[in-house]
Amino acid sequence: MSLDKNFLWGNSVSSMQSEGAWNEQGKGKSVYDVKVATENTSDWKVGIDEFHRYKEDVQLMKEMGVNCYRFQISWTRIFPNGDGTINEKGFEYYDHLIEELIEAGIEPMICLYHFDMPLHLAEKYNGFISRYVVNCFVDFARVVIDRYSKLVKYWISFNEQNGYLFEAGFENSGFIHGDKTLEALYTIANNTMVAHSLIANYIHDRYPKIKIGGMLAYQEFYPATNHPEDILIARKASEFINQHFVNAFSQGRYSNEVLHYLKEKGLISTIQSGDLELIASHKNDFISFSYYYTVTLDHYKLPKDTPPSYYMRDGSIKNSYLETSEWGWQIDPLGFRSVLTKLSNETNLPVFPIENGIGVREQLNDQKTIQDDYRISYHKNHLKALYDAVKIDGANVMGYLGWGLIDIPSSKGDMNKRYGVIYVNRDNHDLKDLKRIPKASFYWLKQVIATNGEHLD
């Protein structure tokens with residue numbers, strides 16, 4: 001068995017990490033636009049300047065053989081305040097980008113939200129904890145879908161939607177006022193699922209030819225030992241962090257165990273009347289996810305009464321059987337295979353890994369290139385695992401998108417953490433010339449794509 005002839009090979013980015021042009025063509029401020037540079041991070045005003053260099057980047061992707069590019073529509077380019085009047089000028093960049101992609105034979109895939117809450121909505125309404133903001137986002141989504149429904153086949157609403165139960169969920173949802181409670185997190189998580197359901201129903205009601213998928217940061221959990229308590233917390237962590245969302249995406253219902261927990265802890269009011277019926281009414285055409293590492297849990301590390309959604313934060317230990325990147329992420333291709341097969345089995349939907357990669361500190365060598373054999377090894381081993389999931393396990397996998405295959409600042413704004421197969425010549429505090437330089441991995445991946453994954457060596 002080989003990969004499907006229409007297998008999607010490509011690249012994923014967010015708007016704030018790639019575009020730049022933070023104040024051009026009427027764009028309003030997002031929460032990222034007011035973040036300042038630190039000793040070890042950049043600000044967010046330039047990214048890699050794809051706003052002005054998209055033609056060059058599209059041509060590089062075309063040369064590599066990429067046939068899918070997942071990017072984000074910046075909310076504040078279209079609605080500068082997040083609500084109110086549409087900024088028609090804000091569509092121009094995306095009009096041109098999508099046209100360029102299609103001409104290059106690259107399928108555009110749109111993400112509607114990747115953490116860059118409009119500053120106005122964060123300051124006045126505290127982001128997605130507010131149903132008003134949920135409604136604003138759905139309005140924004142409908143406007144974008146209406147404009148691009150004839151050109152863009154694949155859509156996701158939220159990047160890493162289960163991340164709203166992690167502590168980072170506060171910042172990523174635009175929550176900037178008040179106590180960071182578990183009740184607030186579950187309110188945000190449910191509100192975003194309500195928004196996703198409304199958007200999915202809008203797509204299926206009006207544009208049956210396009211496809212939308214749920215997206216999560218899938219965390220594969222291992223027990224530290226065969227101690228029953230370790231096995232219990234690994235299962236429970238997965239139920240709260242993964243399965244709660246997978247069930248909603250694939251079956252239209254939340255996890256029974258999580259709902260019981262919310263009732264027992266007095267948190268069931270985080271779900272409003274009619275929400276469960278709405279979620280039950282929506283469906284997804286595929287399941288997408290990011291995958292970077294696996295997590296090993298030790299019950300001895302967990303303080304008493306730790307909420308299950310915090311087991312990963314409080315109970316993680318290093319797995320001695322796995323290599324670890326310089327950023328502390330453990331490299332586990334076999335875990336990737338397990339996730340692909342598990343999701344395919346459980347959901348009976350096409351599975352789409354749309355973020356995968358390794359961040360490394362890199363400098364150009366004397367030949368002004370980078371011999372990144374470590375990145376080739378990382379992607380090779382993960383693609384072998386994907387192939388085994390398809391060939392041996394029968395998983396239905398529709399594509400493979402690397403994360404930031406053209407270098408971008410990391411999610412923390414650190415340009416030193418590079419994921420790309422193409423080097424971008426800038427540092428955290430020195431933009432230099434932003435020149436794009438293919439690394440050794442670029443030419444390796446080009447050959448992989450040309451053979452549709454048949455030749456990984």
Side-chain angles (χ1 to χ4, degrees), residues 9-21 37 40-66 68-72 97 100-101 104 106 290 292 325-327 329 331 354-383 400-450 456:
W9 296 93
N11 183 22
S12 288
V13 296
S14 73
S15 63
M16 68 278 189
Q17 290 167 282
S18 59
E19 289 177 6
N40 297 312
T41 63
S42 171
D43 64 26
W44 298 89
K45 290 180 168 55
V46 176
I48 59 170
D49 196 33
E50 189 164 278
F51 188 89
H52 299 110
R53 298 167 183 254
Y54 69 92
K55 290 188 177 183
E56 177 185 0
D57 289 348
V58 170
Q59 288 307 305
L60 282 165
M61 288 188 281
K62 180 181 179 181
E63 181 185 345
M64 195 176 6
V66 159
C68 184
Y69 184 43
R70 170 218 162 181
F71 60 94
Q72 180 206 353
L97 173 61
E100 194 78 10
L101 289 167
I106 299 172
S290 61
Y292 295 99
S325 77
E326 61 185 298
W327 304 95
W329 292 9
I331 301 168
I354 60 174
E355 288 187 28
N356 181 238
I358 183 170
V360 181
R361 297 179 192 272
E362 294 172 317
Q363 296 290 335
L364 293 172
N365 59 27
D366 292 341
Q367 289 74 44
K368 302 300 180 185
T369 61
I370 291 177
Q371 187 65 38
D372 56 338
D373 295 335
Y374 40 83
R375 182 169 290 105
I376 293 172
S377 175
Y378 180 95
H379 284 287
K380 179 190 297 183
N381 290 331
H382 282 77
L383 285 168
Y400 176 83
L401 307 186
W403 173 252
L405 293 184
I406 303 175
D407 283 345
I408 53 177
S410 75
S411 60
K412 301 297 185 185
D414 188 356
M415 198 64 206
N416 290 319
K417 190 179 185 184
R418 296 176 179 270
Y419 286 86
V421 300
I422 298 169
Y423 185 86
V424 175
N425 191 34
R426 66 154 291 185
D427 293 334
N428 281 329
H429 307 121
D430 183 357
L431 293 176
K432 300 182 179 179
D433 59 5
L434 291 162
K435 183 177 180 182
R436 275 65 164 154
I437 303 168
K439 306 173 189 178
S441 56
F442 173 92
Y443 301 102
W444 171 81
L445 188 56
K446 180 178 179 178
Q447 284 298 112
V448 170
I449 296 172
L456 295 176

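When reading the values below, keep in mind they use all heavy atoms of this one structure, side chains included, and skip hydrogens, waters and symmetry mates. Along the sequence shown, residues carry numbers from 1.
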Val424 vs Leu434 side-chain heavy atoms within contact, under 4.5 Å: yes
Trace of the side chain to side chain donor-acceptor pair (under 3.5 Å) decision for Tyr443 with Glu63: CA-CA 10 Å; Tyr443 301 102; Glu63 181 185 345; 5.2 Å; no
Passing option when Ser12 is tested against Trp403, Tyr419, Tyr69, Phe71 for side chain to side chain contact (heavy atoms under 4.5 Å, CB included): Trp403
Note, Ile422 side chain near Ile437 side chain (heavy atom, < 4.5 Å): no
Spacing of Asp57 atom CG and Asp49 atom CG [to the nearest 0.5 Å]: 9.0 Å
Which atom of Gln363 lies closest to which atom of Tyr423, heavy atoms considered: OE1-OH, 4.3 Å
CD on Gln17 to CE on Met415, rounded to 0.5 Å: 10.0 Å
Ser377 side, atom OG; Lys380 side, atom NZ - distance, nearest 0.5 Å: 6.5 Å
Straight-line distance of Tyr292 OH to Ser325 OG, nearest 0.5 Å: 12.0 Å
Beyond-backbone contact of Val66 with Leu401, side-chain heavy atoms, under 4.5 angstrom: no
Residue pair Tyr374 / Glu362, side-chain heavy-atom distance below 4.5 Å: yes
For the student: nearest non-hydrogen atoms of Leu431 and Arg426, plus distance: O-CB, 3.4 Å
Side chains of Arg436 and Arg53 in contact at under 4.5 Å (non-hydrogen atoms): yes
Nearest heavy-atom neighbours spanning Met64 and Phe442: CB-CE1, 3.7 Å
Any donor-acceptor N/O pair, Lys45 side chain to Ala21 backbone, under 3.5 Å: no
Short side-chain to backbone donor-acceptor contact, Glu326 and Arg361, under 3.5 Å: yes
Gap between atom CG of Leu101 and atom SG of Cys68 - 0.5 Å precision: 9.5 Å
Close side-chain approach of Trp9 to Val448, heavy-atom, < 4.5 Å: yes
Heavy-atom donor-acceptor pair, Asp372 side chain to Ser441 backbone, under 3.5 Å: yes
Glu50 side chain to Ser18 backbone, donor-acceptor under 3.5 Å: no
Of all pairs that satisfy salt bridge (charged side-chain N to carboxylate O under 4.0 Å, His left out), the ones with a partner from residues 411-424, not counting sequence neighbours: Asp407-Arg418
Interatomic spacing from CG in Asn381 to CD1 in Ile376 - rounded to 0.5 Å: 11.5 Å
Within-4.5 Å side-chain heavy-atom neighbours: Glu19 and Gln72: no
For Asp427, all residues meeting salt bridge (Lys or Arg N to Asp or Glu O under 4.0 Å), sequence neighbours excluded: Lys432
Polar side-chain atom of His379 near backbone of Arg375 as donor-acceptor pair, under 3.5 Å: no
Check: Ile358 and Ile331 side chains under 4.5 Å, non-hydrogen atoms: yes
Donor-acceptor pair, side chain of Arg70 and main chain of Asn11, under 3.5 angstrom: no
